[in-house]
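Inspection log for the structure reproduced underneath, given as structure tokens.
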Amino acid sequence: MNRMQHTVALVTGAAGGMGRAHCRRLAEEGADIIALDIEAAAPELAETAREVEATGRQCVTGVADVRDQAALDVAVADGVAALGRLDVIVANAGIYTDLGLSWELSDQAWQRTIDINLTGMWHTVRAAVPALSDGGSVVIVSSTNGIVGAAAAAHYSASKHAVVGLARTLANELGPRGIRVN
Ligand SMILES: NC(=O)c1ccc[n+]([C@@H]2O[C@H](COP(=O)([O-])OP(=O)(O)OC[C@H]3O[C@@H](n4cnc5c(N)ncnc54)[C@H](O)[C@@H]3O)[C@@H](O)[C@H]2O)c1
């Protein structure tokens, strides 16, 4: 399995869950990995790096909250400098918390979800697309909640619908460079 040989993939929210699984799977296919997550997840991020390195690939880790554009810019630049290129962006970091009926959600619950799940994805794109190789790929992680609604998660569903719009826009912008966006 070497469909990703000679490529570098960036994954946000890489310390656990699906982010770690994306890192491991891409590495199994031959990609080197730039794995980013928040400071509080540093031990789990180190475990992701160990699992990537166990496949024989390199893993550069970085601490960046996707709400913090400056931190993300530095972490992406450091990763690209260390591994020499960037071919894949997996904008994965997201939260599903503070659930409640739409009219009962707090300002804080609404804003935190939008800041991480929507603005964080845009920050990731802004930090990483300028370094992306022609012919590369961008993956924006949405949800079934980005296609249909469900009760008690208006903030999450709104953020996940919104990132579909971000992905569709990017597909038009990056298509001329042979970069796929899904
Ligand atoms: N698990 C599911 O069933 C499911 C279904 C549909 C979509 N998703 C989406 O998939 C993505 C990953 O979900 P998961 O279930 O693996 O979640 P998870 O909670 O297991 O992992 C999320 C990761 O994101 C990191 N993270 C959280 N806030 C962050 C921030 N501000 N900046 C940077 N990193 C941050 C966490 O530390 C964690 O490592 C999310 O975007 C989620 O909305 C998940």
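Indexing begins at 1, ligand by ligand and atom by atom, following the structure's order. What you see is a predicted model; the values in this text were computed from it and never measured.
Taking the six-membered ring where the residue is Trp, Tyr156 and Tyr96 present perpendicular rings, their angle passing 60° and hence far from 30°.
Applying the side-chain contact (heavy atoms from CB on, under 4.5 Å) test to Ala27 and every residue at least two apart in sequence or in another chain returns Ile33, Val52, Thr55, Arg57.
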Identify the protein atoms, limited to N or O, that lie within less than 3.5 Å of an N or O atom of ligand 1, and list each pair with its distance to 0.1 Å.
from     : atom 1 : to     : atom 2 : distance (Å)
ligand 1 : 16 (O) : Met18  : N      : 2.7
ligand 1 : 31 (N) : Asp65  : OD1    : 2.9
ligand 1 : 32 (N) : Val66  : N      : 3.0
ligand 1 : 37 (O) : Asp37  : OD1    : 2.6
ligand 1 : 39 (O) : Asp37  : OD2    : 2.6
ligand 1 : 41 (O) : Asn92  : O      : 2.7
ligand 1 : 41 (O) : Lys160 : NZ     : 2.8
ligand 1 : 43 (O) : Tyr156 : OH     : 2.7
ligand 1 : 43 (O) : Lys160 : NZ     : 3.1

Side-chain polar contacts of residues 122-131 - donor-acceptor pairs under 3.5 angstrom, sequence neighbours left out - could you list them?
from   : atom 1 : to     : atom 2 : distance (Å)
His123 : ND1    : Val66  : O      : 2.7
Thr124 : OG1    : Gly120 : O      : 2.7
Arg126 : NE     : Gln69  : OE1    : 2.9
Arg126 : NH2    : Gln69  : OE1    : 3.1

Please list, one pair per line, the donor and acceptor atoms closer than 3.5 Å that link side chains of residues 34-41 to other protein atoms, with sequence neighbours excluded.
from  : atom 1 : to    : atom 2 : distance (Å)
Asp37 : OD2    : Ala14 : N      : 3.1
Asp37 : OD2    : Ala15 : N      : 2.9

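At a cut-off of 3.5 Å, with distance as the only test, no side-chain donor of Asp107 or Gln111 sits close to an acceptor on the other residue.
Hydrophobic clustering (ILVMFWY, side-chain heavy atoms < 4.5 Å, transitive): Leu118 and Leu99 are in distinct clusters.
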